[in-house]
Amino acid sequence: GGTLSQNNQEEPWVVHRVKTWLEKHKAKLSRLVHRNSKNNQKNQDSFEAPRVVENFLSADEATQLLQRYQPLLHDSQERDGGHVKSSSQYRSSRSVRLPPLGDKLVFAVEQRAAALAGYPVDRVEDFQLACYNHAQLYALHRDDAAANTNPNTKRVATVLIYIQAPIRGGNTLFTMRPLEEETDLKLRQPLRTEQDAVELFQHYCKSHCRQPNKKKRFNKHHVVVEPSVGRAVTWDNWKKNNTVFMKESTHGACPVWKGQKCVIQQWIASDALPLRRHNLLAIVPLGAEYSYHSAIHDTTTTSATQNCFPDVSTQQGKYMSELCADLSTSLSTITKLQEGPYENVGALHLDNTGFSTTLPFHTIFADNDDDNTSSSSKGCTLLFWVSKPQSGLTLVSWEHDKLGRIQLQQVEGFQLELSWAGTASSTTVDNNSSSLAILSIDPEDWYDWSWVSVYTSLSQVSVKVHSRGGYVLGQALAESPHATTTRDDESCSTADEQPSQQQVKLSLFTATLMTHRSTDDGKAAASGTSTAFVEQEQTAAFTKKAPANNNNIVLPSVDVSFLLLYKGRLDDSDAAQLRRQAKRYDATS
Ligand SMILES: O=C(O)CCC(=O)C(=O)O
Ligand SMILES: [Fe+2]
């Protein structure tokens, strides 16, 4: 003991040797200690092994989800920006995206996924189901890219849930290192071709397979998760407040060799998504219910003459509005306005002269109390969400705010220009006015998305559709005999009065435009100018009722359209984000 504190001469030689060794290696040791503490620090922003959670779903829930949504699966490679793409060896599965259309089980899964990843539920990207059959796989990839700076599309975390386990194959493999560090099997050079990458991945998968006869060496750093019904696995794609991309989050879905594997992918965004925001007052499915029938049939009220579209917004169980069609006279006559009770929202009303709405005064004109008083919380936005319309369709959007403006909307291949009273400008119009544009899209035309917003008290509207090359594809001008509103200004200042019901006759006509798809070769221009205003005809978007025996109807694999009612005005970035989201119902991303 005490010898250590005495001078060197009296120290036993062993102690002396230790001390000298320590002295000699001091620098090295301190470097080691430092490295260790740095490593600990680094752990907070380095990739951690994915977390596996058992019984995330019950077997019964898994079965129900499969039964409901397996029929909607479509080839993951089927479409790419509207173009059919040859099938990829890199990713071969079938998948479907589900808009939030009121399936309580889907919502429950979304909530659980958000909780598991540690985020609020408004960050959950729409639920996706994907299934892999024999030899299908998804080679090494990451779920996001370092270059992504968009908070709506940034996938900060992933929750992968297995709802069907294959008999053989189908593991999820994590390499735990950057994709950039992988090399091809033959030359050990950085991966250059898709082929190289797939071969490498297949090799990795094989070496982790349980193969009784072949004992392959496998990489001990790899993490492999076997599919098991109800199991979930989660990991971070970004860390440190979503500023550090996890380049080591490389993973892939090994090929399935026997049976079928199905997973639900839930990606968590770094910001609240437009379809989940609290200012989204209502989502009413319109064209979607054929495809999503089994999920929402229990919330749809039907009788002999009434066809109702309930609000199935993400605020589950809080049906705020209902759109009903009276089918007793004709499919196109939609007369019944449901009389509430409604929260925040009055009602939506359709009739054969167009689309009108009755909304509580405060919804349209007043600031929302529970909102911070930004100008965008004034007014409301009503828009149709349309994907792959199969037949005649009416697109409607109506907005009102104190400023009033005309929006130019870029639609794929077209620029939609709206003007009132013949003036194609975006000048401010009468503050207190409101109106609507209805576009009836020719059934033959493929129309991905449209959002048309017009404010006016003027009696004329002109609509033009330009191709990107500058051709006028369609043009129409019409007068509305009823473009007036009856607004009781008195009720503005009477706070405690019942909100006055605002009857807004929105339109009495439909503009029929031949909107041919982005062909800038002049042919489209020639055939596309036959436009006219016509009385509104039957609109397929509202002909909800399926044939009596709907078991045999052949449905388009994806048929989604719904109406959204937002409190406040959607800004351009919201609109852009919505459009991106809508595209996902067509093609997987
Ligand atoms: O299916 C799997 O095992 C993984 C799927 C996956 O990584 C993805 O879809 O991004
Ligand atoms: Fe992935």
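Counting starts at 1 for both ligands and their atoms, in listed order. Values in this document were obtained by computation on a predicted structure and should not be read as measured data. Only this structure's heavy atoms are used, side chains among them; waters, hydrogens and symmetry mates stay out.
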For ligand 1, run through the N/O pairs with the protein that fall under 3.5 Å and put one pair on each line.
{"unit_1": "ligand 1", "atom_1": "1 (O)", "unit_2": "Tyr132", "atom_2": "OH", "d": "2.7"}
{"unit_1": "ligand 1", "atom_1": "1 (O)", "unit_2": "Lys261", "atom_2": "NZ", "d": "3.1"}
{"unit_1": "ligand 1", "atom_1": "3 (O)", "unit_2": "Thr172", "atom_2": "OG1", "d": "2.5"}
{"unit_1": "ligand 1", "atom_1": "3 (O)", "unit_2": "Lys261", "atom_2": "NZ", "d": "2.6"}
{"unit_1": "ligand 1", "atom_1": "7 (O)", "unit_2": "His141", "atom_2": "NE2", "d": "3.1"}
{"unit_1": "ligand 1", "atom_1": "7 (O)", "unit_2": "His251", "atom_2": "NE2", "d": "2.9"}
{"unit_1": "ligand 1", "atom_1": "9 (O)", "unit_2": "Gln265", "atom_2": "NE2", "d": "2.5"}
{"unit_1": "ligand 1", "atom_1": "10 (O)", "unit_2": "His141", "atom_2": "NE2", "d": "3.1"}
{"unit_1": "ligand 1", "atom_1": "10 (O)", "unit_2": "Asp143", "atom_2": "OD1", "d": "3.1"}

message = Tell me which one of Trp235, Tyr204, Phe201 satisfies ring pair (Phe, Tyr, Trp, His ring centres under 6.0 Å) with Phe174.
response = Trp235
query = When Asn237 is tested against each of Ile268, Val156, Thr158 for side chain to side chain contact (heavy atoms under 4.5 Å, CB included), which residue passes?
reply = Thr158
query = Could you walk me through whether Asn148 and Thr153 pass the side chain to side chain donor-acceptor pair (under 3.5 Å) check?
reply = CA-CA 8 Å; Asn148 189 6; Thr153 59; 3.2 Å; yes
Trp238 and its ring pair (Phe, Tyr, Trp, His ring centres under 6.0 Å) partner, picked from Phe47, Phe245, Trp267, Tyr119 = Phe245
remark   = Taking 2.8 Å as the strict upper bound, the Fe ion (ligand 2) has protein N, O or S neighbours numbering 3
inquiry  = To the nearest 0.5 Å, what is the distance between CD on Glu182 and CG on Leu140?
reply    = 6.0 Å
request  = Supply the atom-to-atom distance Lys206 NZ to Glu199 CD, rounded to the nearest 0.5 angstrom.
outcome  = 9.5 Å
key: Partner of Tyr132 under side chain to side chain contact (heavy atoms under 4.5 Å, CB included), chosen from Lys261, Arg91, Gln164, Gln260   = Lys261
ask   = Among Leu129, Asp60, Val109, which residue meets the side chain to side chain contact (heavy atoms under 4.5 Å, CB included) test with Leu65?
value = Val109
task = Rounded to the nearest 0.5 Å, what's the gap from OG1 on Thr234 to CD on Glu48? Could you check?
result = 11.0 Å
